[in-house]
Student: 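Let me begin by handing over the structure; questions about it come next.
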Amino acid sequence: GPQFPIEGDVQIAKWCADAGCTTFLPDDDGKVTISGTPFTQTGAIKLYVDGVNYYLPAGTTIQNSSPCFEVYADNIKIYTDYPAAAKCVPTDGSDGIWVADDVQNLRVINLEFDGTGQTTGSGIFFAGDAVGFQVINNYFHNLGASGIVFTGTPSGSTMDIQGNLFQRLGAAAIVSPAALNAEFNSWGVYAGATLTNVDTEPHTHADFYMVYEGVVPLEKVAVGNTIKYTVYGNLQNIAGADFTLKFPTALLDAGTPTNRSGFVAAGPAMFTVNEAAGTIRFQGDASVAPITGENLPIFEVVFTGTAAGTG
């Protein structure tokens, strides 16, 4: 879109999307698609036109020599298909998304903000008052500063910060000069987080690990013999779980997994075993209330050794 401020009483519906001006954006649904692995340009993608939805297809990475986006317009949505499906990589000390003063109704949904190996600022930086916003189901990690920073007062009828995961940050996950509701986020540790002016409880958390039955530290099974693994979880307020366990198909065959949790099947089957791909997918919903507890057994599976390894 236009990469400069729009002055005066100007209404912009579409702009030229190519040099010959034969195609136009946004499309008839108000959407602009940005893709690339990575998509790069000198300077941020600057958003000056109100009411546009910026869609990043799964697998897209935005990595500019600057913020990924600078937002000056109202009613902007930046999103992808599912959590962490597309990535913003801030560089050169920049924030991931820089937001101008008094921007209204910004929505950021399902993005990953990844500062791994970079010098970065924060994930989303509101450079002034923020009037209405939704920051939903994003993953902020390995950033040099915070996940989200409000330098002015957040306000509005919609102020949603939910379903996000904050890990390995250089400063407080959320910084706000005024009271802010950030319940039902995950702070990277089971116990949660205590933040100034930010309500963080209740929070969510999930991490999983496996334990096998056998002689420590062998963790080996002879050809034709079996070994049983149990998956455990540390959970806080988890209403559903969907994860995949991988195993070496050249060495093991998987038996039928057994549920040991308080989850029920999410859909037609709780387990999907793919012997060719070497995966066991678990899909469960909490049957009554969200599940909380440490070292909770989730499921167990017995493997049969089919070939000798090299270990």
Side-chain angles (χ1 to χ4, degrees), residues 31 33-39 53-63 67-69 71 76-90 95-97 99 106-116 118 120 122-125 133-143 146-148 158-169 173-174 181-190 192-193 198 200 202-208 231 233-246 263 266-267 270 272 279-286 290-292 298:
K31 182 173 71 176
T33 299
I34 302 173
S35 62
T37 53
F39 174 94
N53 300 325
Y54 292 87
Y55 168 59
L56 282 56
T60 297
T61 296
I62 307 293
Q63 183 172 347
C68 298
F69 295 94
V71 181
I76 295 295
K77 179 181 178 182
I78 305 170
Y79 69 106
T80 185
D81 299 291
Y82 51 85
K87 182 184 298 189
C88 166
V89 179
D95 305 303
I97 297 177
V99 187
L106 172 65
R107 292 177 290 166
V108 181
I109 302 172
N110 287 339
L111 298 189
E112 177 182 359
F113 293 85
D114 182 4
T116 304
Q118 306 291 335
T120 82
S122 297
I124 302 175
F125 188 91
F133 50 85
Q134 289 184 304
V135 181
I136 306 293
N137 294 343
N138 300 284
Y139 179 26
F140 300 88
H141 66 100
N142 295 96
L143 299 168
S146 299
I148 307 169
T158 301
M159 296 191 292
D160 295 334
I161 302 177
Q162 284 191 349
N164 303 286
L165 171 59
F166 301 88
Q167 285 186 314
R168 299 182 295 277
L169 302 175
I174 301 175
N181 184 336
E183 297 175 356
F184 295 104
N185 292 281
S186 180
W187 310 100
V189 292
Y190 183 82
V198 180
T200 61
H203 71 281
T204 62
H205 178 83
D207 68 79
F208 300 94
V231 176
N234 297 306
L235 309 179
Q236 288 271 23
N237 295 303
I238 299 301
D242 184 343
F243 62 91
T244 299
L245 172 68
K246 297 182 179 180
F263 292 107
M270 174 173 282
T272 303
T279 59
I280 301 172
R281 183 178 180 183
F282 175 91
Q283 294 174 284
D285 283 336
I291 295 174
T292 293
I298 307 300

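These numbers come from a predicted model, not from an experiment. This chain uses plain numbering: 1 for the first residue, then up along the sequence. Below, all heavy atoms of this structure are taken into account, side chains as well, without hydrogens, waters or symmetry copies.
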Student: Write down the atom of Gly240, the atom of Asp285, and the distance for their closest heavy-atom approach.
Tutor: CA-OD1, 4.0 Å
Student: Among Phe113, Tyr139, Trp187, whose ring-ring contact (aromatic ring centres under 6.0 Å, His included) with Phe166 holds?
Tutor: Trp187
Student: Counting distance only, does the side-chain N/O of Asn142 pair as donor-acceptor with the main-chain N or O of Arg168 below 3.5 Å?
Tutor: no
Student: Could you tell me whether the side chain of Thr80 and the main chain of Leu56 form a donor-acceptor pair under 3.5 Å?
Tutor: yes
Student: Evaluate the side-chain proximity of Met159 to Phe133: yes if any heavy-atom separation is below 4.5 Å, no if none is.
Tutor: yes
Student: Is it the case that the side chain of Asn110 and the backbone of Ala84 share a donor-acceptor pair, with hydrogens and angles ignored and the cut-off at 3.5 Å?
Tutor: no
Student: I need the minimum non-hydrogen distance between Tyr82 and Ala58, along with the two atoms involved.
Tutor: OH-CB, 3.9 Å
Student: Could you tell me whether the side chain of Thr292 and the main chain of Asn237 form a donor-acceptor pair under 3.5 Å?
Tutor: yes
Student: Check for a donor-acceptor pair, side chain of Thr60 on one end and backbone N or O of Ala86 on the other, with a separation under 3.5 Å.
Tutor: no
Student: Has the side chain of Asn181 got a donor or acceptor atom that lies under 3.5 Å from a matching backbone atom of Glu183?
Tutor: yes
Student: Closest approach of Pro90 and Asp114, non-hydrogen atoms and distance?
Tutor: CD-O, 3.5 Å
Student: When rounded to the nearest 0.5 angstrom, what is the spacing between NE2 in His203 and OH in Tyr190?
Tutor: 7.5 Å
Student: Taking atom OH of Tyr55 and atom CD1 of Ile78, what is their separation to the nearest 0.5 Å?
Tutor: 14.5 Å
Student: Strictly distance-based, threshold 3.5 Å: is any side-chain N or O of Ser122 a donor or acceptor partner for the main-chain N or O of Ser146?
Tutor: yes
Student: Within the side chain of Thr244, is there an N or O that forms a donor-acceptor pair under 3.5 Å with the backbone of Arg281?
Tutor: no
Student: Step through it carefully: locate the ring centre of Tyr54, locate the ring centre of Tyr79, and say whether they are under 6.0 Å apart.
Tutor: no
Student: Can a donor-acceptor pair be found, under 3.5 Å and without considering hydrogens, that links the side chain of Asn137 to the backbone of Asn164?
Tutor: no
